[in-house]
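Only one structure is covered here, and it is reproduced in the block below.
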Amino acid sequence: MSPLVFSGPSLSLRSHFNLFRRHVCTTTTTTTINNLPLSSASFTPKSPIPIPRVHHLHHHHHILHRAPFAPPRAAAADILHDAGATAAIVAGAYALVSAFEFLTQRNLIQQSLSRKLVHVLSGLLFMVSWPIFSTTTEARFFACLAPLVNCLRLVIYGLSLASDEGLIKSVTREGKPEELLRGPLYYVLILIICALFFWRESPVGVISLAMMCGGDGVADIIGRRFGSLKIPYNQQKSWAGSISMFVFGFLLSIGMLQYYSVLGYLQLDWVWTVQKVALVSLVATVVESLPTTEVVDDNISVPLVSMAVAFWMFGN
């Protein structure tokens with residue numbers, strides 16, 4: 001049998017088959033192509049064999065791979081829900097401060113007691129309200145709007161751009177507008193930091209706020225009333241105040257952790273949790289008792305130290 005001689009068109013057809021074989025991934029198809037009687041005049045494929053579109057499969061696989069890492073976007077209903085929660089918290093905070101302004105102006109409550117009760121209640125109520133927000137990533141940013149509004153309010157009145165005697169008397173020590181730019185302003189900034197960076201899924205922010213709001217706030221109230229016995233290294237602080245800070249800071253921290261644990265945000269080993277919270281409370285109490293108030297405000301030192309120790313103990 002004489003060897004086949006291919007003309008120009010036949011060589012072109014052979015090149016076509018070589019390209020065609022590269023897209024076909026089965027042995028049977030490859031064998032069939034090799035055994036076909038090649039002829040430049042008579043061979044015409046009766047029906048094209050479908051070629052899998054690999055680039056489409058790869059595209060879909062790529063999307064499926066990226067999906068778990070994409071942050072969830074808040075739906076319109078979630079945005080409206082979080083906006084409503086923010087409005088409710090702003091209104092609640094304004095009502096709380098206004099109530100103590102009313103009591104202070106009518107001399108129904110001492111200015112120092114009013115200031116500390118606002119200090120204790122506003123932060124705790126803010127922290128308790130976090131679960132009313134949605135589960136979206138954006139929820140924490142909506143929650144931060146409430147203290148941010150108060151922050152802007154403090155800056156405006158602290159710089160005397162506007163006047164609000166009731167606010168000044170209810171949250172300052174000496175009734176001076178510039179005091180709003182120190183302790184009260186630091187206070188709302190800590191609220192924003194804890195909500196923004198730790199939120200509901202971490203015990204760190206919860207413990208820090210509990211120590212600042214409950215521990216430090218109650219320490220001042222008890223210390224003023226029963227603080228005749230002073231601490232040797234700081235005559236401005238008393239044993240009664242420091243002991244009450246440790247006790248109330250510890251109890252409020254455990255209570256808030258239990259609150260978020262029941263709601264399903266935290267899963268804790270309570271044997272170790274109690275010991276860790278006790279250590280955080282002890283360190284925060286020692287820091288609060290130091291004679292450094294003139295250098296660093298308690299609304300900065302207490303929560304930041306609590307934050308650092310809690311982060312070291314709990315790891316998140």
Side-chain angles (χ1 to χ4, degrees), residues 79-80 82-130 132-133 138-199 205 208-209 212-214 216-217 220-221 224 292-304 307:
I79 293 177
L80 292 175
D82 290 334
T86 301
I89 294 174
V90 171
Y94 183 81
L96 177 69
V97 175
S98 298
F100 282 101
E101 288 178 10
F102 176 84
L103 295 174
T104 304
Q105 287 176 343
R106 283 158 179 76
N107 295 321
L108 298 176
I109 187 174
Q110 294 180 355
Q111 182 177 342
S112 59
L113 181 59
S114 170
R115 179 176 60 86
K116 278 304 174 181
L117 288 176
V118 171
H119 179 102
V120 173
L121 295 176
S122 58
L124 292 179
L125 291 177
F126 174 65
M127 184 165 45
V128 168
S129 70
W130 289 351
I132 71 175
F133 288 89
E138 293 82 0
R140 68 180 67 198
F141 299 104
F142 279 94
C144 290
L145 292 178
L148 181 60
V149 169
N150 286 327
C151 180
L152 296 176
R153 187 184 178 200
L154 292 172
V155 170
I156 291 172
Y157 293 127
L159 295 175
S160 298
L161 301 177
S163 179
D164 189 337
E165 292 299 325
L167 172 66
I168 294 172
K169 287 183 178 180
S170 63
V171 299
T172 61
R173 293 178 183 269
E174 301 176 3
K176 298 178 180 179
E178 57 269 22
E179 290 184 72
L180 297 175
L181 302 177
R182 296 195 289 269
L185 182 60
Y186 304 150
Y187 182 91
V188 295
L189 290 177
I190 292 297
L191 296 182
I192 294 173
I193 291 173
C194 288
L196 191 62
F197 292 100
F198 299 107
W199 199 220
S208 301
L209 290 185
M212 180 183 73
C213 303
D216 184 41
D220 187 79
I221 295 173
R224 288 177 182 273
T292 57
T293 305
E294 298 298 327
V295 179
V296 182
D297 193 275
D298 288 342
N299 287 340
I300 294 178
S301 60
V302 170
L304 291 185
M307 203 178 296

Check [X] against [Y] and note the closest heavy-atom contact, atom names and distance.
| X | Y | result |
| --- | --- | --- |
| R153 | D164 | NH2-OD2, 3.4 Å |
| I89 | A146 | CG2-CB, 3.5 Å |
| T86 | A143 | OG1-N, 4.3 Å |
| L191 | G123 | CD2-CA, 4.1 Å |
| V120 | G217 | CG2-CA, 3.7 Å |
| G205 | C194 | O-SG, 3.9 Å |

Any salt bridge between E174 and K176, counting N to O under 4.0 Å? yes
Is the backbone of T172 close enough, under 3.5 Å, to the side chain of Q111 for a donor and an acceptor to pair up by distance? yes
Is a side-chain N or O of S114 found less than 3.5 angstrom from the main chain of I109, in a donor-acceptor match? no
So which of L180, V155, N299 actually passes side-chain contact (heavy atoms from CB on, under 4.5 Å) with L185? V155
Sequence neighbours left out, what passes ring pair (Phe, Tyr, Trp, His ring centres under 6.0 Å) with Y187? Give chain and number order. H119
Would you give the length of the straight line joining atom [atom1] of [X] to atom [atom2] of [Y], rounded to the nearest 0.5 angstrom?
| X | Y | atom1 | atom2 | result |
| --- | --- | --- | --- | --- |
| L304 | I190 | CG | CD1 | 4.5 Å |
| Y186 | I193 | OH | CD1 | 12.5 Å |
| K116 | F100 | NZ | CZ | 13.0 Å |
| M127 | C213 | CE | SG | 6.0 Å |
| C144 | W199 | SG | CH2 | 7.0 Å |
| M212 | L124 | CE | CG | 9.0 Å |

side-chain contact (heavy atoms from CB on, under 4.5 Å) between L148 and L145: does it pass, once the steps are laid out? CA-CA 5 Å; L148 181 60; L145 292 178; 4.2 Å; yes
More than 12 heavy atoms of other groups within 6.0 Å of E178 CD: yes
